[in-house]
Amino acid sequence: MSQPDFSHDASRTARGTAFRYLFMLCALLSILTTVAIILTLLIDAVDFFAQVSPAEFLTGTRWSPTNEPIAFGVLPLISGTLVITVGSAMVALPIGLLTAIYLSEYATDRQRSYLKPALEVLAGVPTVVYGYFALVYITPALDTFLPLSTFNGLSASIMVGIMIIPMVSSISEDAMSAVPDSLRQASYGLGATKFTVSTSVVVPAALSGIFSSFILALSRAIGETMIVAIAAGQTPRMVDLTDPAGMFLNSIQPMTSAMVQIGTGDIVGQGEAYKSLFAVGLTLFVITFVMNLISEFVASRYREVYR
Amino acid sequence: MAADTRDEPADSGFGQISRTKDVSFRLLALAATLVGIVSLAALLLNVAVDAVGWLDWQFLTNPPHPDPFQAGFLPALVGSVAIMLVIALITFPLGVGAAIYLEEYADDGYLTRFIQLNIANLAGVPSVVYGLLGLGLFVGLFSIGYGTVLAAAFTIALLILPIVIISAQEAIRSVPDSQRQASYGMGATKWQTIRNVVLPRAMPGIMTGTILALGRAIGETAPLIMIAAPTTVFGLPNGPFSKVSAMPLQIYNWASYPQTEFQYGVVAAGVVTLLVVLLTINSIAIVIRNRYQQRT
């Protein structure tokens, strides 16, 4: 890569070579960004872990960065994140999958040309707006028949779920469209209905693409910040396995919401609470990074099979 | 499905059941497709109704105020536009440059695939983490200052850069190879081909992608919180190093006020303003895309 490509007549001028390296620098900036993210997170996180042991951080069941007694157990925050992830998955995965089936198997070209951009709008609405919607419209609506707190996991989960529907539907639809038509024709030839073809042929054949979209969407739900910061509340709470519904009805605090709380506080500086921001950020980054990688690898499987 | 009914004679009964199933599944799938769209439409309608009476000239030209009847949006509006202009200046050349390298120069080697995978991954990094990057890098290391126009713009520029690169790559890839060959055939160099043939053809697509990415940038909130941008600013930004707020930050701040006038009035007006700005930006992108499609 370091050698210019002299085999090509076109890049033989000095100017051409200069531009080649200039553009290469732009591309390499993306790698530099990743390195910078990892370094900025690590440097302050390492400082933090010098004060608070990683074992205490990863296994502690109390999170209280500023109020005495100070405690830095990340598990309540991970609990909160888990609740939002599970809740939004229950909304987005079935709806997104059915949407993808409709778009890929049933919709006419004309319908698709309206529905797809309309769905894309869902992902384009600023999340602060969704957070506001959840707080002032969804929570009061649900509150009429559920014992909800003002801030709760349920409204936030529903809103995050609606936001990530297009991520599930568009990637799943791509995977389903990539299923060769010969498979469908073979099934129709055996007398199958469209329902059977969709559920027994197309979905199984596109499974890796569908899984990839699921993982990516869940990764988005984990990293989603403003909806949960506004609507889910700021009460770090461990999941109580005897009362899982309680997590949805009460105020909780996912990792991202905790980061916003520290970020909006006045504890900018060198304190442990400030440094804990980077430890939580590192945890969040590692989780989403691994999920994105898995999604990428699972997705590359179906591309190889059908393209 | 057919296996369940194997024992039945192949008469109209079987066909009836599967046809009912077929039709109901089709309706279920259509309903699912509409769920998200309809609920968003309902929420938008709610906020539009609430904003009536609050979204007026005074709201758009006043600074924020603790009294909901005097509260205004101007500093946040101007702040968002200022941040967005700097972001455009940063991401456009960098994003297009990276896309040109990946599509026109890079061979299909290990490094290229690594860069590509890395860009895909960067697009999935939570925005709040980019905020920490901005805090550590631009505020900490480079001392640009907490919550300044430049710190905010640099941070969000890095956030949307992967999106700009990916969409610019798609635009460049859609330029037919025959046109490049024709250019080479006339004796043009690689750079001349890129500048005179590839870029002009790809430019509408690149513009569309960049503008859509800028639309995303204008809605970003979490990174601004992380670099300690003030949630309320009373004056307009007067330089790259002045502290700046933005529309989503101001909305976030107002949403925490308990008064009904804020919750269902002032914030609704702010949300409608933000969405109108976003809609305008996206329509510009769509107009560019449509013009381009008509020409080819």
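Proteins come first, then strands; the chains are lettered A, B, ... in the order of their sequence lines, and each starts at number 1. Computed from heavy atoms alone, side chains included, the values below leave out hydrogens, waters and symmetry copies.
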- Show the numbers, then the answer: is there a side-chain contact (heavy atoms from CB on, under 4.5 Å) between Phe23(A) and Val96(B)? CA-CA 8 Å; Phe23(A) 295 142; Val96(B) 176; over 6 Å; no
- Options Ile227(B), Leu30(B), Ile165(B), Leu117(B), ranked by heavy-atom pairs under 4.5 Å with chain A, top entry: Leu30(B)
- Checked Gly136(B), Ala41(B), Gly124(B), Gly219(B) vs chain A; the most non-hydrogen pairs under 4.5 Å come from Gly124(B)
- Hey, which of Ala100(A), Pro126(A), Pro166(A) has the most heavy atom pairs under 4.5 Å with chain B? Pro126(A)
- Pick from Leu274(B), Asn282(B), Leu122(B), Val271(B) with the largest number of heavy-atom pairs that fall under 4.5 Å of chain A: Leu122(B)
- Is a side-chain donor or acceptor of Asp22(B) paired with a backbone partner of Phe195(A) at a separation under 3.5 angstrom? yes
- Do you know which of Leu249(B), Leu141(B), Leu132(B) has the most heavy-atom pairs under 4.5 Å to chain A? Leu132(B)
- Message: Just so I understand: if I count every heavy-atom pair under 4.5 Å between each of Ala268(B), Gly131(B), Ser24(B) and chain A, which residue has the most?
- Response: Ala268(B)
- Flag, side chain of Tyr105(B) to backbone of Tyr21(A), donor-acceptor distance under 3.5 Å: no
- Task: Check for a donor-acceptor pair, side chain of Tyr132(A) on one end and backbone N or O of Gln263(B) on the other, with a separation under 3.5 Å.
- Result: yes
- Any idea which of Ile119(B), Val129(B), Asn46(B) has the most non-hydrogen atom pairs under 4.5 angstrom with chain A? Asn46(B)
- Ignoring hydrogens and angles, tell me if any N or O in the side chain of Asn292(A) forms a donor-acceptor pair with the backbone of Ala120(B) under 3.5 Å. no
